[in-house]
2 protein chains.
Amino acid sequence: MDRKTRSRLEARTRIIKALAHPSRLFMVEELARGKRCVCELAEMVGADISTVSKHLSLLKSAGVVRDEKRGNQVWYELRCTCVLGFFDCVEAVMDSLAEQEREE
Amino acid sequence: MDRKTRSRLEARTRIIKALAHPSRLFMVEELARGKRCVCELAEMVGADISTVSKHLSLLKSAGVVRDEKRGNQVWYELRCTCVLGFFDCVEAVMDSLAEQEREE
DNA sequence: TGGCCAATTGGCATAATAGCCAAGGATGGA
DNA sequence: TCCATCCTTGGCTATTATGCCAATTGGCCA
């Protein structure tokens, strides 16, 4: 694996890692329905606001979401709805895994 | 976030996490071209065989790949090619991120 | 049986993540 | 100006992930 390939894969990995957490998946699904502010998401996720803020910051730096300040609130929105396409595939893999386990 | 939702998201997370590593991405792309044995992949990735074996074991338990013993070798193959669809989306997110950075 | 090769597993050290509390910065209203 | 609210950041600990070496398993062949 040469340096160029590795660098390309690391860039992809940053985005995939950003999605690889239950709370972040939850927020992405929620943001697919519309903009939400941090305190709303924190309430829904059921974690400390600082934790949720860090999750959002991570999603933002990965390019998955975008933020917008309004007064003293910060609203987040999905930047790329194609991310939702991930989930269909993930479901397919899960079905495939279930099938595999039945085989054994 | 209720218990049922969390459990569903954790299941999805397992699969996404399995893809969230440069070497594993590399192997998935390589397996998209056809079956490969562990030593071939280890050679290509440029890591210790034991490391590659653990990566493959992780991908397998996530349901992304399947293995098949032939003599004293083990061949791996993609179980669900839809995983490749991830990458198109990832590219889109990366483009979107580049755009975001130009804006700022 | 003994030796070799492929692969997995155990063990360990290091690095990266996650989550909370506390502190700080910004905004809006009284 | 003072205070409350919203959010982010720093700091810390606990957990998890990574990658190597060493040891082990399993198959093949002489």
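Fair warning: this is a prediction, and the values are worked out from it, not measured in the lab. The sequence lines fix the lettering, A, B, ..., with proteins before strands; numbering per chain opens at 1.
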Between the base of dG11(C) and the side chain of K54(B), is there any donor-acceptor pair under 3.5 Å?
-> yes

Can you tell me how far C1' of dA7(C) sits from CG of L41(B), to the nearest Å?
-> 12 Å

Phosphate-side-chain proximity, H55(A) and dT17(C), N/O vs OP1/OP2 below 4.0 Å = no

Ranking C39(B) and A20(A) by the position along DNA chain C of their nearest nucleotide, the one closer to 5' is C39(B)

Between E29(A) and R12(B), is the closest basic N to carboxylate O distance under 4.0 Å?
-> yes

Whole angstrom is fine here: how far is it from CD in E43(B) over to P in dC5(C)?
-> 16 Å

Between atom CD in E40(A) and atom P in dT5(D), what is the gap in whole Å?
-> 17 Å

Answer yes or no: does a side-chain N or O of Y76(A) lie under 4.0 Å from OP1 or OP2 of dT8(D)?
-> yes

Verify, without hydrogens or angle tests, whether Q73(A) (side chain) and R70(A) (backbone) share a donor-acceptor contact under 3.5 angstrom.
-> no

Distance test, side-chain N/O of K17(A) to OP1/OP2 of dT17(C), below 4.0 Å | yes

Would you classify R24(A) as touching base, sugar-phosphate or nothing, given that sugar-phosphate means primed atoms plus P, OP1 and OP2, and contacts are heavy atoms under 4.0 Å?
-> sugar-phosphate

Side chain of N72(B) (C-beta onward), nearest among dC6(D), dG27(D), dA7(C) = dG27(D)

Could you state the CG-C1' distance from L56(A) to dA18(C), rounded to the nearest angstrom?
-> 14 Å

Distance test, side-chain N/O of S53(A) to OP1/OP2 of dT8(D), below 4.0 Å = yes

Between dC20(D), dA7(C), dC20(C), spot the one nearest the side chain of D48(A), thanks.
-> dC20(C)

Distance-only donor-acceptor test, S50(B) side-chain atoms vs dC21(D) base atoms, 3.5 Å = yes

Side chain of T51(A) only, please: which of dT8(C), dG19(C), dC7(D) is the nearest?
-> dG19(C)

Shared hydrophobic cluster, W75(A) / V38(A) (ILVMFWY, side-chain heavy atoms < 4.5 Å) = no

Does M1(A) share a hydrophobic cluster with I49(B), counting links as ILVMFWY side-chain heavy atoms below 4.5 Å and allowing steps through other members?
-> yes

Value in whole Å for how far the C1' atom of dA7(C) lies from CD of E68(B) = 15 Å

Tell me: CZ of R6(B) to P of dA18(C), nearest whole Å?
-> 12 Å

In whole angstrom, give the distance that lies between atom CD1 of I49(B) and atom P of dC4(C).
-> 17 Å

So, is H21(B) near the phosphate of dG19(D), with a side-chain N or O under 4.0 Å from OP1 or OP2?
-> yes

According to a 4.5 Å side-chain heavy-atom criterion applied to Ile, Leu, Val, Met, Phe, Trp and Tyr, with indirect links allowed, do V64(A) and F87(A) form part of one hydrophobic cluster?
-> yes

Which nucleotide in the list dC7(D), dG27(D), dA7(C) gets nearest to the side chain of C37(B)?
-> dA7(C)

Go through M44(B) and E40(B) one step at a time and tell me if the side chain to side chain contact (heavy atoms under 4.5 Å, CB included) criterion holds.
-> CA-CA 6 Å; M44(B) 288 186 250; E40(B) 282 176 325; 4.2 Å; yes

Rounded distance (Å) that lies between atom P of dG19(D) and atom CE of M1(A) = 9 Å

